[in-house]
There are 2 protein chains.
Amino acid sequence: MSRNTYSTETVPPTAPAVVGFALGPEFRLTKQRREVYDSLCEQRNHPTATELFIRVKERVPGISLATVYNCLETLTHSGLVRQVNLDRGPSRYCPNLKEHGHFHCESCSTIYDVDLPDCAMPLPRGYVVSRLDVSLRGQCPACTKAAKAARP
Amino acid sequence: MSRNTYSTETVPPTAPAVVGFALGPEFRLTKQRREVYDSLCEQRNHPTATELFIRVKERVPGISLATVYNCLETLTHSGLVRQVNLDRGPSRYCPNLKEHGHFHCESCSTIYDVDLPDCAMPLPRGYVVSRLDVSLRGQCPACTKAAKAARP
DNA sequence: GATTTATTTAGAATAATTCTTGATAACCTT
DNA sequence: AAGGTTATCAAGAATTATTCTAAATAAATC
């Protein structure tokens with residue numbers, strides 16, 4: 001994996017050491033929230049709520065899917081987690097707090113975090129931007145290579 | 001409205017004069033498809049399928065919502081229309097074929113077409129991009145101004 | 001004009017997410 | 001540490017956007 005993408009393994013660390021502080025005084029750091037957050041940080045492959053639910057259940061057997069949704073909403077609101085929406089698919093979640101975009105491979109469905117160019121949007125005066133979402137679709141290097149090999 | 005946004009009125013013309021050709025040989029130019037497309041071009045405010053449905057029904061009273069969905073899918077596949085997905089909201093549709101992004105005002109919910117910067121994504125070698133989606137959220141000039149006026 | 005094939009319609013089905021309600025757990029006060 | 005307050009959780013129902021299904025219709029082809 002080269003310069004500008006972060007693989008599942010190498011995503012830069014994102015979480016403040018003590019999540020309790022980052023959650024803010026308005027939110028409580030519960031076991032469920034911590035486990036959802038921890039599982040999300042372990043996986044790093046942009047799981048859906050349901051995928052996370054399955055994973056978290058191993059540690060917190062009684063947890064419900066609705067709770068996973070709630071936790072993710074809380075984490076998103078407190079800024080620890082980013083919700084990633086690609087087309088009409090189910091929301092995916094990403095603990096990488098660095099500003100970045102997403103590349104979605106149409107062949108293998110992997111989602112890669114990618115750097116953004118450091119140029120600004122050419123917006124006319126008066127627009128105040130609170131969030132930027134950049135997503136790309138296409139073929140990742142591995143799939144491009146595989147496709148080439150398949151048909152000479 | 002200034003340089004880099006297209007208002008509801010001033011969106012640059014996008015449709016080939018004869019939609020029939022553009023639809024391609026694999027698709028038939030039916031009354032429903034034409035009316036859906038025409039209504040979409042008239043509105044220009046990124047309507048949802050349901051919003052379009054209501055509008056098209058005035059001209060084609062018997063049309064069904066499923067048909068509007070079908071038509072939009074066909075139009076999207078043939079490249080005449082772009083499906084715009086912002087967060088988890090219902091899909092919206094856009095006949096502006098020029099490459100552009102979308103600015104979504106959190107106050108008035110208007111969606112503006114915006115220019116993209118002409119710098120390239122800093123992708124590592126091997127990524128093949130077939131589509132780019134850029135969306136911004138924030139406050140549009142009108143709402144920013146109104147907010148300022150409201151509280152001194 | 002008959003035949004084939006795509007499209008439309010209406011309604012059922014699906015999938016992701018949100019809502020509701022009562023139970024539980026965390027926090028705060030004393 | 002007990003009691004009170006408020007946030008959170010769990011389970012299942014409800015909602016919303018969208019897709020699917022099957023029969024009817026319309027377009028294109030022969």
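Convention: sequence-line order gives letters A, B, ...; per-chain numbering from 1.
A/R82 and A/D133 are joined by a salt bridge, as a carboxylate oxygen and a charged side-chain nitrogen come within less than 4.0 angstrom of each other. Comment: B/D87 engages A/R131 in a salt bridge, judged by a side-chain N to carboxylate O separation of less than 4.0 angstrom. Under 4.0 Å is where a charged nitrogen must lie from a carboxylate oxygen, and between A/D113 and A/K98 no such pair does.
Note: CG (B/L72) to C1' (C/dT8) measures 14 Å, nearest angstrom. B/F53 has its CZ atom 16 Å from the C1' atom of D/dT19, to the nearest Å. We find that OH of B/Y93 is positioned 10 Å from C1' of D/dA17, with the value rounded to whole Å. For the pair B/R34 CZ and D/dA26 P, the interatomic distance rounds to 17 Å; values are reported in whole Å. Nucleotide D/dA17 holds its P atom 14 Å from the CG atom of B/L52, rounded to whole Å. Rounded to a whole Å, the CD atom of B/E51 is 15 Å from the P atom of D/dT16. Atom-to-atom, CG of B/L65 to C1' of D/dT16 comes out at 12 Å; the value is rounded to the nearest Å. Rounded to an integer number of Å, the gap from B/E35 CD to C/dT9 P is 12 Å.
Side-chain N/O atoms of B/R88 include none lying less than 4.0 angstrom from OP1 or OP2 on C/dA16.
At the heavy-atom level, A/S91 lies under 4.0 Å from the strands shown only through sugar-phosphate atoms. Across all strands shown, A/T48 has no heavy atoms under 4.0 Å from either base or sugar-phosphate atoms.
With no hydrogens or angles considered, no side-chain donor-acceptor pair links B/R59 and B/S39 at under 3.5 Å.
Less than 2.5 Å separates the SG atom of B/C119 from that of A/C119.
Formation of a donor-acceptor pair under 3.5 Å by the A/R44 side chain with backbone atoms of A/C41 is found in this model.
Checked against a 6.0 Å centroid threshold, the rings of B/H102 and B/H100 count as neighbours.
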List every contact pair, protein side and nucleotides 7-9 of chain D side both N or O, where the distance is under 3.5 Å.
residue : atom : partner : partner atom : Å
D/dA7   : O4'  : A/R28   : NH1          : 3.2
D/dA7   : O4'  : A/R28   : NH2          : 3.2
D/dT8   : OP1  : A/R28   : N            : 3.1
D/dT8   : OP1  : A/R33   : NH1          : 2.7
D/dT8   : OP1  : A/R33   : NH2          : 3.3
D/dT8   : O5'  : A/R33   : NH2          : 3.3
D/dC9   : OP1  : A/T30   : OG1          : 2.7
D/dC9   : O3'  : A/Q32   : NE2          : 3.2

